[in-house]
Number of protein chains: 2
Amino acid sequence: MSVTFRRPTRQRAAVEALLVSIGDFMSAQDLHARLRAQGQSVGLATVYRTLQSMAADGDVDMMRTSDGEAVYRRCSNGHHHHLVCRNCGRTVEVEGPAVESWTNKISAENGFSDVHHTLEIFGLCSACTP
Amino acid sequence: MSVTFRRPTRQRAAVEALLVSIGDFMSAQDLHARLRAQGQSVGLATVYRTLQSMAADGDVDMMRTSDGEAVYRRCSNGHHHHLVCRNCGRTVEVEGPAVESWTNKISAENGFSDVHHTLEIFGLCSACTP
DNA sequence: CTATCTTCTGACAATGATTCTTATTGGGAC
DNA sequence: GTCCCAATAAGAATCATTGTCAGAAGATAG
């Protein structure tokens, strides 16, 4: 568990605060636009770098939308997955101990080590079901 | 199961043949470069369009690498997941009925319908384990 | 507090995958 | 063969992401 030191800067604080206030997945571009709209002056590259370091530290959760764009969210700690509404974007965090053990078993059976996995579920939430 | 009609063209055949002969995941860019190297004249946009339609028809399997690039592979039919070596790229297809039922259960519990999911496992294969 | 060391940041250029545009081609029904 | 329309080629355009590098701002020793 490498907990690299990060300097507390205005920009880092702004990104974190915005993530907290939104509480939902957002792309780096979107985050940057909102910071600008708030009058906060933060560079786009900085937003990217900050999100990457936060993701590396486990402070935010990163996932890719179906078209490959990276989106980030302030997240509870611990490994979990997402149930995402493909219509309204609502996201539910879910845990699956059974999935964890399954991936470990499968990996071991095939001689794979040092594994991690990604699992996302896309569908229509109750509000968006016709 | 919507089986849209596709015109049998030289380009489509070339893409399919190459996917079969390689038998492993490859990006659209890579596929295009190889076709060119073989002397086949196929446009890049055509490769993209062809792969997209093939993926839509279920003829190939699409997954995204950790850096967001889409890669495609001629695949056995049916839903399955992948165990990918992050060092050498070797891929093993795995099936997980338990995972399927788990995602269905979770989705139902949260009121989600019409769901699909993505699951990829990344690790080091036995040959690449130090 | 000041000097200094280092990391972080900002502006913009560069990259690279993917999509768009438009004129052209070729499959297939008749 | 002829006509129609989907498929294609070429390159431009888009867009997320990363690289560059000089300057700014925390940290820390003195």
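The analysis underlying the following values was restricted to heavy atoms, covering all of them including side chains, and did not include hydrogens, waters or symmetry mates. Below, chains carry the letters A, B, ... as their sequence lines are ordered, and counting in each starts from 1. This structure is a prediction, so every number in the text was calculated from the model and none was measured.
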Any side-chain heavy-atom pair of B/Asp59 and B/Glu16 under 4.5 Å: no
Geometric class of the B/Phe25/B/His82 ring pair [parallel <30°, tilted 30-60°, perpendicular >60°]: perpendicular
Rounded interatomic separation in angstrom, taking NE2 from A/His32 and P from D/dC15: 16 Å
Phosphate OP1/OP2 of D/dA10: any B/Arg36 side-chain N/O under 4.0 Å: yes
By side-chain hydrogen bond (donor to acceptor under 3.5 Å, both in side chains) - contacts of A/Arg6 (at least two apart): A/Asp57
Heavy-atom closest pair, residues A/Gly123 and B/Phe112: C-CD2, 4.0 Å
Minimum side-chain heavy-atom gap A/Thr50-A/Tyr72 below 4.5 Å: no
B/Arg12 CZ - D/dA9 C1' separation (whole Å): 16 Å
Length of the CG-P vector between A/Asp67 and D/dA16, whole Å: 9 Å
Contact check, side chains of B/Leu51 and B/Leu31, non-hydrogen atoms, under 4.5 Å: yes
Closest-nucleotide 5' rank along DNA chain C - winner of B/Thr9 and A/Ser41: A/Ser41
Spacing between B/Met54 atom CE and D/dA7 atom C1', to the nearest angstrom: 15 Å
Integer-rounded Å distance: D/dA27 P and A/Arg6 CZ: 14 Å
B/S/- contact track for nucleotides 15-23 of chain C, protein heavy atom under 4.0 Å: --BBBB---
Aromatic ring pairing A/His81/A/His117, orientation class (parallel under 30°, perpendicular over 60°, tilted between): tilted
d(CZ, A/Phe5; C1', C/dT6) in whole Å: 11 Å
Donor-acceptor pair (no angle test) under 3.5 Å: B/Arg7 side chain, D/dA7 base: no
Short side-chain N/O contact from B/Arg10 to OP1 or OP2 of D/dA9, under 4.0 Å: yes
OP1 or OP2 of C/dC8 under 4.0 Å from side-chain N/O of A/Thr46: no
